[in-house]
Amino acid sequence: MTTKEYLTQYRRLMADIAFYKSLKEDAIYNVASLKSPNMDGDRVQTSPKNDPIGILVIEYERNIAKYDMEILSCKAKMILISNQIDHMREIDEEYFKLLTYKYIIGLDWQEISQKMYMSMSKVTHLHSP
């Protein structure tokens with residue numbers, strides 16, 4: 001894999017983490033908005049009825065655990081990618097900085113050219129060796 005491909009994958013993992021965090025927040029909101037079951041009258045039930053809130057809480061706990069595992073998995077992959085491309089800094093610092101601005105931080109070409117004090121044509125030329 002090339003450095004650009006690793007960094008593109010890193011950026012996708014960041015988006016995945018944001019996605020799983022939003023799913024986790026939705027699950028927390030859904031459980032927080034649960035209402036107590038309606039008890040119609042003073043009837044005695046002869047057969048046990050499933051606990052709807054208990055079922056939702058169990059499902060919530062499973063989803064939260066699943067989302068936490070996905071987030072940890074993405075972060076572990078991001079650390080691996082960072083370690084794999086870190087040697088790139090020693091080879092070409094300027095190119096590494098450009099790729100970091102583009103793929104990790106997510107700046108556009110105009111912002112990158114301003115931060116690196118280069119023209120747009122120089123930045124795009126450096127990006128496509």
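Start at 1 with the first residue, then count along the sequence.
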If you look at every heavy atom in [X] and [Y], which pair is closest and at what distance?
X      : Y      : value
Tyr103 : His127 : OH-NE2, 3.0 Å
Thr124 : Ser121 : OG1-O, 3.1 Å
Val123 : Met118 : CG2-CB, 3.7 Å

Interatomic distance, [X] atom [atom1] to [Y] atom [atom2] [nearest 0.5 angstrom]:
X      : Y      : atom1 : atom2 : answer
Phe19  : Ile71  : CZ    : CD1   : 11.0 Å
Ile17  : Ser22  : CD1   : OG    : 12.0 Å
Leu72  : Lys77  : CG    : NZ    : 12.0 Å
Ser119 : His125 : OG    : NE2   : 10.5 Å
Tyr10  : Leu80  : OH    : CG    : 11.5 Å
Cys74  : Arg12  : SG    : CZ    : 11.5 Å

- [ ] Kindly write out the residues that satisfy side-chain contact (heavy atoms from CB on, under 4.5 Å) with Lys66, not counting sequence neighbours, or none if the list is empty.
- [x]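 Residues passing side-chain contact (heavy atoms from CB on, under 4.5 Å) with Lys66: Asn63.
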Task: Stepwise side chain to side chain contact (heavy atoms under 4.5 Å, CB included) test for Tyr95 and Leu99 - done: CA-CA 6 Å; Tyr95 184 59; Leu99 293 176; 3.4 Å; yes
- [ ] With side chain to side chain contact (heavy atoms under 4.5 Å, CB included) as the test, would you mind laying out the steps for Asp16 and Glu70 before giving the verdict?
- [x] CA-CA 9 Å; Asp16 288 349; Glu70 290 294 334; over 6 Å; no
Open item on the list: Can you list everything that forms a salt bridge (Lys or Arg N to Asp or Glu O under 4.0 Å) with Glu94? Sequence neighbours excluded, please.
Closed with: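 Expected list: none.
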Task: Sequence-distant partners of Asp68, salt bridge (Lys or Arg N to Asp or Glu O under 4.0 Å), two or more places apart - done: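 For Asp68 the salt bridge (Lys or Arg N to Asp or Glu O under 4.0 Å) partners, ignoring immediate neighbours, are Lys24.
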- [ ] Write out all pairs satisfying salt bridge (charged side-chain N to carboxylate O under 4.0 Å, His left out) with one or both partners inside residues 108-122, taking only residues at least two apart or from two chains.
- [x]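 Matches after skipping sequence neighbours: none remain.
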TODO: Step through the shown structure and confirm whether more than 12 heavy atoms of other residues, nucleotides or ligands are within 6.0 Å of CE on Met69.
DONE: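 No, the 6.0 Å shell around CE holds no more than 12 heavy atoms from other groups.
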Task: Tyr101-Met120 co-clustered via ILVMFWY side chain contacts under 4.5 Å - done: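 Yes; tracing contacts between hydrophobic side chains, which count when under 4.5 Å, links both residues.
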- [ ] Is it possible for you to say whether Ile105 and Trp109 belong to one hydrophobic cluster, with membership spreading through side-chain heavy-atom contacts below 4.5 Å?
- [x]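 Yes, Ile105 connects to Trp109 through the hydrophobic network.
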Open item on the list: side chain to side chain contact (heavy atoms under 4.5 Å, CB included) for Lys75 and Leu13? Distances and angles first, verdict last.
Closed with: CA-CA 8 Å; Lys75 286 183 178 181; Leu13 289 169; over 6 Å; no
